[in-house]
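First comes the structure, then the notes that go with it.
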Amino acid sequence: MDQKTELEQWVAAAFDEGGPLARSDAAYAPREPQLRMSQAVAQAIARRESLVVEAGTGVGKTFAYLVPALLSGGRVLISTATKSLQDQLFLRDLPRLCEALAMPAKIALLKGRGSYLCLHRMNHARTSAELPDRRAVLALARIERWAQQTRSGDFAELDGLDDRSPVLPLVSSTRDNCLGGECPEWRNCHVVKARREAMEAEVVVVNHHLFFADMNLRDTGVAELLPSVDIAIFDEAHQLAEAGVQFLGTMLGTAQLLDFARDALGTGLSQAPGMQDWQALHAGLERAARTLRLVCAGPLREVRGLLKLRWQERATQDEFAAALADVACAADDAAQALDAVQDGSPDFQRLHQRAVELGEIAAGFSREPQDAEVRWIDLSPHQARLVESPLDIRQAMQEHLKAAPKAWIFTSATLGDDERLSWFTESAGLDGATVLRVGSPFDYPEHARLYIPRRFPKPSEPDHPLEVAALAARCATALGGRCFVLTTTLRALKIIGEALREQLDAGEGGIRVLVQGSAPKRQMLQQFVADPRAVLVGSASFWEGIDVPGDALQCVLIDKLPFPPPNDPLVEARVQRLEKAGRNAFADYFIAEAAIALKQGGGRLIRTEQDRGLLVVCDPRMAGMNYGRRLREALPPMTRVEQESEALDWLQVLAASHTGA
């Protein structure tokens, strides 16, 4: 009996009614879609082939890939898009499965170096006098107490530590400031320890950012790990391409310059006072960073959120070229000053390398880009970042796929809207992969309704956001809260959030309106779940990765079709490439992207077999335009209602079930 048949038989036995999964969980029941996916994964592992699986909500895709991977006995690398899924796999799913299958395996969790405490930098932080306020001083003291007892050094162990704390950059390392083997704390380094454990483990859990950062920088430990694994699994694979584009390019940010300036000043004053004019060096770098930020902002006085500017909008101006030259000059001055003292300590040697690299990157951005690359400027309220990036991850992935043979598994609930899943497979270079689409086992026609108002302002009309808010208020009133309103822009978020507050605060029953930005994301979700009479208004970060099962969420409203912004530089470059190839960019790119985003947003609604709800898409184009049918078919098979009265009646039925009426 060959290995393929044997593994498939083992997997089938594991999922059987009397199998180990059923024995370890009284609530377990075999699901046909899960069995199909697990068999396809087992086959791909046995044949060392590439498999792309779109598995709808409720399939149980995590166990469908973990069971074959564990039973195969091979070394496994699992990559996810989010730290929360990483932690779930490491802390819950993998230990539970290993116990159920009676297959003890050594499991390791590997995150980016910024997730771990750097002992060397923590020791410096005590004396650096860079802590901005009393809260930061208290946070550092808490981290120092925790440092005495932690084994992993993973900041996730510290409950309530804000990811945005100004202390974290002072007590963690980056590729830029890590001293490597020259560090006095090298023997106790938490990053080194995590990588060592990963190399010794049979199953390693990483994330997409780490995977691609390593592909580009060879700095995360994945480069040593990948050739040694037999199976590479990418969950939440729909985020793979954007993670890759972000990390495979070159970046020069003003925050990066300021971090370097701060490190040079702190190290210079503490280790070589008087040997160079460290204050002047710091001031020069800070001035160059500030000038670059101002030139990138141009006439924009106030920036909210993140803006992507076309490279040509700024790069053709004399001021921009001068600002880039100033950055290169300040970096060169720093390199010369540090060269004179770099024999003094490993810190100075690394700072000198950083100064040289910054000067080279600045010089690179002053030259014309390569044809296969696209450039743009990311502008946020506090920094500017110059970015040069490939248009997709196709070439990078194909290099890996051609290397040592292994099984490659890619899965997500949303990977395309056609049988070949070409939205994902094209950009990821997986044209030859086996493709499987496994639908959700949930009874969508019975449990879910879809309402697309036909007589509704178009998104281009000025009163559209206010009409969305009015409809959302009527839905929330009928249901008694329990609604998400998902917006495609921050501008719409603000208008809809304010209008909803006015309308629901004025009404009876006290429905609470939570608007993204008023509190951290996790806190807002906790408030929403805790208060059944609540409406949450969120933008991009709430469209996916949010799991609110049960009655807490029963209505999702989407303000308009989530087409990519046509003036985004990356979007423009992709459109130009498609048009050069004689393809229809609207059909092959814009509609495909909108379909994926719609599936993600709508996917927040039904999370378990018992869930019931209403999805509202407040965009009449989805009902009336020719492409509307393709977008409707991308969604699960919800029963469509034509009139608002029918939609509100359905919500009242759901509301009555809460009260037992």
Side-chain angles (χ1 to χ4, degrees), residues 53-66 76-96 107-116 152 154-164 168 172 194 198 203-215 220-222 232-247 306 393 409-415 424 428 484 486 516 519-526 528-529 536 538-549 553 596-597 599-604 607:
V53 187
E54 182 181 80
T57 308
V59 165
K61 61 183 170 62
T62 307
F63 276 27
Y65 65 70
L66 285 181
V76 187
L77 177 77
I78 304 170
S79 181
T80 75
T82 57
K83 285 182 183 177
S84 58
L85 181 55
Q86 249 191 305
D87 289 335
Q88 178 189 312
L89 285 165
F90 178 69
L91 298 171
R92 192 184 76 187
D93 294 341
L94 279 163
R96 184 178 150 197
I107 306 161
L109 180 68
L110 187 58
K111 298 181 180 179
R113 60 166 69 249
S115 295
Y116 299 98
S152 72
D154 186 345
F155 291 125
E157 293 178 358
L158 278 164
D159 286 336
L161 182 66
D162 191 338
D163 288 347
R164 298 163 297 183
L168 285 180
S172 61
V203 182
V204 185
V205 184
V206 301
N207 61 56
H208 302 341
H209 287 170
L210 197 67
F211 179 82
F212 282 110
D214 200 286
M215 203 184 274
T220 68
V222 176
I233 300 171
F234 295 84
D235 200 345
E236 300 176 308
H238 65 282
Q239 292 195 30
L240 196 61
E242 289 311 308
V245 164
Q246 186 180 342
F247 279 88
L306 178 68
I393 61 171
I409 315 294
F410 303 85
T411 186
S412 168
T414 50
L415 290 174
F424 175 74
F484 265 14
L486 300 178
Q516 178 184 330
K521 180 178 172 182
R522 186 184 298 178
Q523 187 181 328
M524 280 186 67
L525 274 174
Q526 288 170 345
F528 177 81
V529 173
L536 190 152
S539 193
S541 61
F542 284 90
W543 280 68
E544 59 180 277
I546 303 293
D547 195 14
V548 185
L553 174 61
I596 293 294
K599 286 168 82 168
Q600 282 292 337
R604 299 314 98 217
R607 306 301 297 173

Working to the nearest 0.5 angstrom, can you tell me the gap between N207 CG and S79 OG? 6.0 Å

Side chain to side chain contact (heavy atoms under 4.5 Å, CB included), that's the test. Do F542 and L525 meet it? Break it down for me. CA-CA 10 Å; F542 284 90; L525 274 174; 4.1 Å; yes

Between V76 and L66, does the side chain to side chain contact (heavy atoms under 4.5 Å, CB included) criterion hold? Intermediate values first, please. CA-CA 9 Å; V76 187; L66 285 181; over 6 Å; no

Atom pair OG/CD of S115 and Q86 - distance to nearest 0.5 Å: 8.0 Å

Side chain to side chain contact (heavy atoms under 4.5 Å, CB included) with D87: which residues, sequence neighbours excluded? L91, L109, K111

Hey, does H238 have a side-chain heavy atom less than 4.5 Å from the side chain of K599? no

What is the distance from atom NZ of K521 to atom CE of M524, rounded to the nearest 0.5 Å? 10.5 Å

Under 3.5 Å, is there a donor-acceptor pair between the side chain of Q600 and the main chain of E544? no

Quick one about S539 and Q516 (side-chain donor to acceptor, distance below 3.5 Å, no hydrogens or angles considered), yes or no? no

If I take atom CG from residue L536 and atom CZ from residue R604, how far apart are they, to the nearest 0.5 angstrom? 13.0 Å

Heavy atoms only: give me the nearest S412-A237 pair and the separation to one decimal. CB-N, 3.7 Å

When every non-hydrogen atom of A108 is compared with those of A198, the smallest separation belongs to CB-CA, 3.8 Å

Flag the pair I393 / F247 as yes when at least one side-chain heavy-atom distance between them is below 4.5 Å, and no otherwise. no

Ignoring hydrogens and angles, tell me if any N or O in the side chain of K61 forms a donor-acceptor pair with the backbone of T411 under 3.5 Å. no

Would you say the side chain of L553 lies within less than 4.5 Å of the side chain of I546, judging by non-hydrogen atoms? no

Nearest heavy-atom pair of Y116 and A194: which atoms, and what distance? OH-CB, 3.6 Å

Taking atom CD1 of I78 and atom CG of L110, what is their separation to the nearest 0.5 Å? 13.0 Å

Would you sort out whether D93 and Q88 count as a side chain to side chain contact (heavy atoms under 4.5 Å, CB included), showing the intermediate values? CA-CA 6 Å; D93 294 341; Q88 178 189 312; 2.9 Å; yes

Closest heavy-atom pair and its distance - G538, W543: O-NE1, 4.5 Å

Test salt bridge (Lys or Arg N to Asp or Glu O under 4.0 Å) applied to E157 - qualifying residues, sequence neighbours left out: none

Taking the side chain as everything from C-beta on, heavy atoms only, tell me whether R607 gets closer than 4.5 Å to T57. yes

Are any of the side-chain heavy atoms of F424 and T414 separated by less than 4.5 Å? no

I'd like to check F155 versus S172 (side-chain heavy atoms, cut-off strictly below 4.5 Å). Are they in contact? yes

Taking T80's backbone N and O only, do any of them form a donor-acceptor pair with Q239's side chain (distance below 3.5 Å, no angle check)? no

For residues V53 and Y65, determine if any side-chain heavy atom of one lies less than 4.5 Å from a side-chain heavy atom of the other. no

Side chain of H208, backbone of D235: donor and acceptor closer than 3.5 Å? yes

Contact summary for F234 and A232, nearest pair of heavy atoms: CE1-CB, 4.1 Å

